[in-house]
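The structure is given below, and queries will be raised subsequently.
Counting starts at 1 for both ligands and their atoms, in listed order.
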Amino acid sequence: MAIQRTFSIIKPDATKRNLTGKIAAKFEEAGLRIVASKRIQLTLAQAQQFYGVHSERPFFGELCEFMISEPIVVQVLEGEDAIAKNREVMGATNPADAAEGTIRKEFALSIGENSVHGSDAPETAAEEIAFFFSGLELVG
Ligand code: PCG
């Protein structure tokens, strides 16, 4: 598997509890390199656009309100098999199902307030990176 990039969000429940450094350390310990990183405040329109694929889900409104409730940290992670590696270190979406040692097991509060987002496939990774970063901001 070649070097790959994936997109990550440290979500409002985690930035609020000052967990940015601890979560970034988990990525680095897993062999992922943080090649771009910025702390931003999403607008409601941006949250709705980013999560557009979930617009018909019953939790869409709650999800978008949560994502604008505090700043987030958006990052690009690079490494061998980065998408799968990041999903492994994040753990299952619902912290109740997440394995020991994963970010969500350790830090997530609920299925909604689950501390991190990570891309699920190469196509979504490319789209999500382009949504938040220009090429100039990616420094391998
Ligand atoms: P993410 O960011 O990877 O992509 C979609 C998000 O929807 C997911 O993480 C979860 O945080 C969120 N989500 C999934 N199911 C529920 C739910 O039942 N309630 C809420 N509030 N959020 C959910």
Within the supplied structure, the quantity of interest is the number of heavy atoms (other residues, nucleotides, ligands) at a distance under 6.0 Å from Arg33 CZ; does it exceed 12?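 Counting neighbours around CZ of Arg33, 12 or fewer heavy atoms of other residues, nucleotides or ligands fall under 6.0 Å, so no.
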What does the contact table look like for ligand 1 (nitrogen or oxygen on each side, cut-off under 3.5 Å)?
{"unit_1": "ligand 1", "atom_1": "2 (O)", "unit_2": "Lys11", "atom_2": "NZ", "d": "2.8"}
{"unit_1": "ligand 1", "atom_1": "2 (O)", "unit_2": "Tyr51", "atom_2": "OH", "d": "2.5"}
{"unit_1": "ligand 1", "atom_1": "2 (O)", "unit_2": "His117", "atom_2": "ND1", "d": "3.0"}
{"unit_1": "ligand 1", "atom_1": "3 (O)", "unit_2": "His117", "atom_2": "ND1", "d": "3.0"}
{"unit_1": "ligand 1", "atom_1": "9 (O)", "unit_2": "Lys11", "atom_2": "NZ", "d": "3.1"}
{"unit_1": "ligand 1", "atom_1": "11 (O)", "unit_2": "Lys11", "atom_2": "NZ", "d": "3.2"}
{"unit_1": "ligand 1", "atom_1": "11 (O)", "unit_2": "Ile111", "atom_2": "O", "d": "2.9"}
{"unit_1": "ligand 1", "atom_1": "11 (O)", "unit_2": "Gly112", "atom_2": "O", "d": "3.4"}
{"unit_1": "ligand 1", "atom_1": "11 (O)", "unit_2": "Asn114", "atom_2": "OD1", "d": "3.3"}
{"unit_1": "ligand 1", "atom_1": "11 (O)", "unit_2": "Asn114", "atom_2": "ND2", "d": "3.3"}
{"unit_1": "ligand 1", "atom_1": "21 (N)", "unit_2": "Glu62", "atom_2": "OE2", "d": "3.0"}

Under 6.0 Å between ring centres: does that hold for Phe131 and Phe7?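 No; Phe7 has its ring centre 6.0 Å or more from that of Phe131.
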Ring of Phe66, cation from Lys11 - is the NZ or CZ under 6.0 Å from the centre and inside 45° of the axis?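 Pair Lys11/Phe66 does not count as cation-pi.
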Would you find a donor on one side and an acceptor on the other, under 3.5 Å apart, between the side chain of Thr124 and the backbone of Ser119?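 No; zero donor-acceptor contacts below 3.5 Å.
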Please indicate whether Glu80 has more than 12 foreign heavy atoms, meaning atoms of other residues, nucleotides or ligands, lying under 6.0 Å from its CD.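 Counting other residues, nucleotides and ligands, CD of Glu80 exceeds 12 neighbours.
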side-chain contact (heavy atoms from CB on, under 4.5 Å) partner of Ile129, the single match among Leu138, Thr6, Val74: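 Checked Leu138, Thr6, Val74 against Ile129; only one passes side-chain contact (heavy atoms from CB on, under 4.5 Å): Leu138.
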